[in-house]
There are 2 protein chains.
Amino acid sequence: MDRTQDGKPRRTAARGSYAVGDERRARILDAAVEHFAQWGFHASSLARIAKDAGITQGGLLHHFRSKEDLLISVLRRTDEQGGVRLFAREPQSVVETFQTLLGLAAYNAERPGRTKMFNALVGEAGERGHPAHDFFVGRYRMVIEGIGRELRDAVERGEVKPGTDPEALAAEIAAVMDGLQLQWALAPETYDMVGRLRAYFDRLLRSVTVDGVGLPERSGGEEDRSEN
Amino acid sequence: MDRTQDGKPRRTAARGSYAVGDERRARILDAAVEHFAQWGFHASSLARIAKDAGITQGGLLHHFRSKEDLLISVLRRTDEQGGVRLFAREPQSVVETFQTLLGLAAYNAERPGRTKMFNALVGEAGERGHPAHDFFVGRYRMVIEGIGRELRDAVERGEVKPGTDPEALAAEIAAVMDGLQLQWALAPETYDMVGRLRAYFDRLLRSVTVDGVGLPERSGGEEDRSEN
DNA sequence: GTCTATAAGGCGATAGAC
DNA sequence: GTCTATCGCCTTATAGAC
């Protein structure tokens, strides 16, 4: 997985050993995701996380100086992996925006640990002192601004009805996605989160676009883009 | 503090001390709500809850035989207080249904501890072993069936468009309410949860009812019904 | 880089005094 | 009904050996 196929120079060797450290780091982070999903932050234990990563608690604290450091490292990596580069490509239409979000939902449905972790942490993080509070405040701001910008562009293109409040609608979309995720987490095998979200987007498109057309029958954009 | 100022008959004395016990019980439950809100279940501590209730940990465990017993007692009482009798009165229209739900959102916004507790617990409870897992599974079933029934009635009355899937729409409504609640919890003083929900219901009514009319300007049903 | 050992304290639950 | 005391276990973080 970490093929640093080097040549000769020292630097490369150093890079090599660094890459090994990164691999251990990654194992710890993977284990931490599962534990934060199951226990939340406060009730997770470094020793149990370390054990799942094949290391001792003391060894873990060589890579992360504290439990809180581990948490923010997990959150940062998770954001880099997943849908934050969601807004990298400019969408050509609001339909494309929604298809990208459907793809994100499918991506989340395939990663129960990661997704349940967000459910558990965002609930805990409501309290102001929580170590992830600021992270989630910033995250919602970013997500809502991102979706809001695309909606505003769609209004300006004349695609979406002029009266629409882009930011309010973006917050609503984020709420639907989060809320469906909570329901899905209670029965991940039987709950069709993506289907539910598609139904929502379909009706939303009919009521909010100028031409009043819903989502295309079963277009692309929902496959896992498998970024990691 | 324990003024069982009894007369002679046993029964009355027993009832009297029982009422006092209930008052203490209530204090413990109130404290527990705040702690579960801030820490979730696993990371909350009986000793700290007891301290806030003006009692010791040992004393607390006289009223609740275990931490898990305390949790389910909290959840049960909270459900009895809040919007479970939501469906007591038959609504005359889907507008009325939505106004009742707006009232519930306003009720929740006035009780940050209780509401944040639900955010924290429903996130944790995604995992199957969690002591509140079954509670939340049952709760969503009940809520979605309740809202779904009212929507189905509205379809049968010819108020809502025939093609509508009542249960799917009910799940969507629950998702929006939960998702908005997560965002609200991050900034309860500045986030207009009820306004956001009203905007959602308004657009939903326009797209899903036969006559396509939105929500009335600012009708009743949103005041706190102050049931406790 | 990983280990063991340990410090210093919190946890839930039980037992028994009053 | 509430207290104190206690059991056995778990917690994060640090120190130092290898």
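Just so it is clear: chains get the letters A, B, ... in the order the sequence lines come, proteins before strands, and each one is counted from 1. Any value given below was found using the heavy atoms of this structure, including those in side chains, with hydrogens, waters and symmetry copies removed.
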Protein-nucleotide distance (Trp39(B), atom CH2; dG10(C), atom C1'), rounded to Å
12 Å
Considering only distance and modelled atom types, tabulate donor-acceptor pairs under 3.5 Å from the side chains of residues 50-62 of chain B, sequence neighbours left out.
unit_1	atom_1	unit_2	atom_2	d
Asp52(B)	OD2	His35(B)	NE2	2.9
Thr56(B)	OG1	Gly59(B)	N	3.3

Under 4.0 Å between a side-chain N/O of Arg48(A) and OP1 or OP2 of dT11(D), yes or no?
yes
Partner set under side chain to side chain contact (heavy atoms under 4.5 Å, CB included) for Arg128(B), not counting sequence neighbours:
Glu189(A), His133(B)
Check the distance between dT2(D)'s P and Lys51(B)'s NZ and give it to me in whole angstrom.
18 Å
Nearest whole Å is fine: how far is dT11(D) P from His35(A) NE2?
10 Å
Can you list the residues that meet the ring-ring contact (aromatic ring centres under 6.0 Å, His included) rule with Phe136(B), with sequence neighbours excluded?
Phe118(B)
Any residue meeting side chain to side chain contact (heavy atoms under 4.5 Å, CB included) with Asp202(A), in chain and number order, not counting sequence neighbours
Arg206(A), Leu215(A)
Rounded off to whole Å, could you give me the CD1-to-C1' distance for the Ile49(A) and dT11(D) pair?
12 Å
side-chain N/O Thr56(B) vs dT2(D) OP1/OP2, d < 4.0 Å:
no
Let me know the distance between CG of Leu70(A) and C1' of dT11(D), rounded to the nearest Å.
15 Å
Which residues pass the side chain to side chain contact (heavy atoms under 4.5 Å, CB included) test with Gln183(B), sequence neighbours left out?
Tyr140(A), Ile144(A), Ala171(A), Ala174(A), Ala175(A), Tyr191(B)
With sugar-phosphate taken as primed atoms, P, OP1 and OP2 and all else as base, the protein-contact string of nucleotides 12-18 of chain C at under 4.0 Å (heavy atoms; B, S, -) is BBB----
Roughly, in whole Å, what's the span from CZ in Arg27(A) to P in dG1(C)?
16 Å
Spacing between His62(A) atom NE2 and dA13(D) atom P, to the nearest angstrom
16 Å
Do Ile173(A) and Phe98(A) touch side chain to side chain, with heavy atoms closer than 4.5 Å?
yes
